[in-house]
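In what follows, chains carry the letters A, B, and so on, assigned in the order in which the sequence lines appear, proteins first and then strands, with residues in each chain numbered from 1. Because the structure is predicted, anything quoted here is derived from the model rather than measured.
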Number of protein chains: 2
Amino acid sequence: MQIELKPFQALTLWKEIAVSEVRDDAHDLTMRQLAVLLTVYLEPPPHTIRGMAAKLKVTKPVITRALDTMGGYGLVDRHRDEKDKRNVLVKRTVKGALYVEKLGDLVIAKARGLPL
Amino acid sequence: MQIELKPFQALTLWKEIAVSEVRDDAHDLTMRQLAVLLTVYLEPPPHTIRGMAAKLKVTKPVITRALDTMGGYGLVDRHRDEKDKRNVLVKRTVKGALYVEKLGDLVIAKARGLPL
DNA sequence: CGAGATCATTTCGGTTCCGTATCATTTTAT
DNA sequence: ATAAAATGATACGGAACCGAAATGATCTCG
């Protein structure tokens with residue numbers, strides 16, 4: 001299965017998803033929060049605050065706040081690293097996994113309906 | 001050319017783009033602003049405030065403020081509708097077109113590099 | 001002509017987020 | 001043992017955004 005998009009298709013896909021997120025998203029996540037969430041769920045652990053801040057080229061408080069907000073929604077969880085108690089490890093949750101799964105379904109559905 | 005994504009691919013694509021936007025985006029647009037921008041550039045005019053608010057299921061001030069912000073960046077422009085001076089028509093700009101084009105390139109590049 | 005409808009903007013109080021700087025805890029190294 | 005480094009959280013002032021309601025301008029239609 002080869003993935004090949006033309007410019008208009010690519011933008012239309014992105015637009016449709018953005019519009020769907022705005023219309024229906026109960027959590028109203030920002031782009032940064034979304035980047036954090038998907039990194040946690042798609043990349044192999046461990047995920048530390050400092051590591052994610054470096055990856056996204058943002059300051060640490062940005063990550064802390066994003067985790068505060070999404071933690072409040074139940075989308076992620078945090079635990080101290082017992083090996084090095086300075087670190088905090090970001091953990092996945094059932095609710096977060098469900099949310100991410102639904103987002104994947106949305107992308108697939110929109111990609112399938114693209115004009116050719 | 002058929003577009004077919006598997007769940008992990010779809011989410012990885014979305015994650016890569018979100019991360020890129022956070023890392024490199026000079027304008028730091030919100031999801032709502034992005035939805036407005038892409039609607040203006042990908043859907044046929046005219047685009048009115050009320051129309052876009054209805055499409056995105058948000059209130060009119062949300063659209064007005066998004067246009068204020070993006071107008072400040074030079075990404076969109078506004079003009080009164082001469083036919084009905086109550087309406088405001090959202091117009092494209094050269095700078096906005098360039099920005100959207102670059103976004104399309106990003107989506108294409110990320111889609112091409114997906115793990116299969 | 002005038003009352004009401006329509007459209008975009010502005011105002012309001014409140015919330016969230018930002019970056020910088022600082023703090024508390026823990027680890028590392030001398 | 002103790003000073004320095006590393007890590008995440010917090011404080012702070014400022015900026016952006018929110019929804020609801022009020023405002024101003026324009027149009028519609030009797």
### Message
Please check this pair: side chain of B:Lys95 against backbone of B:Tyr73, looking for a donor-acceptor N/O pair closer than 3.5 Å.
### Response
yes

Euclidean distance, atom [atom1] of residue [X] to atom [atom2] of [N] [Å, nearest integer]:
X	N	atom1	atom2	value
B:Arg78	C:dC7	CZ	P	17 Å
A:Arg32	C:dC17	CZ	P	11 Å
B:Asn87	D:dA25	CG	P	17 Å
B:Lys85	D:dT28	NZ	P	13 Å
B:Arg65	D:dG19	CZ	C1'	8 Å
B:Leu67	D:dC17	CG	C1'	14 Å
A:Asp68	C:dC18	CG	P	11 Å
A:Lys83	C:dT28	NZ	P	13 Å

### Message
Judged by each residue's nearest nucleotide on DNA chain C, which is more toward the 5′ side, A:Thr59 or A:Arg80?
### Response
A:Thr59

### Task
Please figure out whether A:Arg86 or A:Thr69 has its closest DNA chain C nucleotide nearer the 5' end.
A:Thr69

### Query
What nucleic acid atoms does A:Thr30 come within less than 4.0 Å of, heavy atoms only: base, sugar-phosphate, or nothing?
nothing

### Query
When we call it a touch if two heavy atoms are under 4.0 Å apart, what does B:Glu82 touch: a base, just sugar-phosphate, or nothing?
nothing

Check every atom of [options] against the side chain of [X] and return the nucleotide holding the closest atom.
X	options	value
B:Val62	C:dA8, D:dC18, D:dG8	D:dC18
B:Lys60	C:dT9, D:dG19, C:dT20	C:dT9
A:Arg50	D:dT7, C:dA8, D:dC27	D:dT7
B:Pro61	D:dA20, D:dG8, C:dA8	D:dA20

### Query
Who pairs with B:Tyr99 by ring pair (Phe, Tyr, Trp, His ring centres under 6.0 Å), at least two apart in sequence or on another chain?
B:His27

### Phosphate-side-chain proximity, A:Thr64 and D:dG8, N/O vs OP1/OP2 below 4.0 Å
no

### Query
Given C:dC17, is OP1 or OP2 found less than 4.0 Å from the side-chain N or O atoms of A:Gln33?
yes

#### Entry: A:Val62 and its side chain to side chain contact (heavy atoms under 4.5 Å, CB included) partner, picked from A:Arg32, A:Gln33, A:Met52
A:Arg32

### Query
Can a salt bridge be assigned to the pair B:Lys83 and B:Asp81 using a cut-off of 4.0 Å between side-chain N and carboxylate O?
no

### Task
Any chance you could lay out the side-chain contact (heavy atoms from CB on, under 4.5 Å) test for A:Leu38 and A:Leu103, step after step, and finish with the verdict?
CA-CA 10 Å; A:Leu38 292 176; A:Leu103 186 58; 4.2 Å; yes

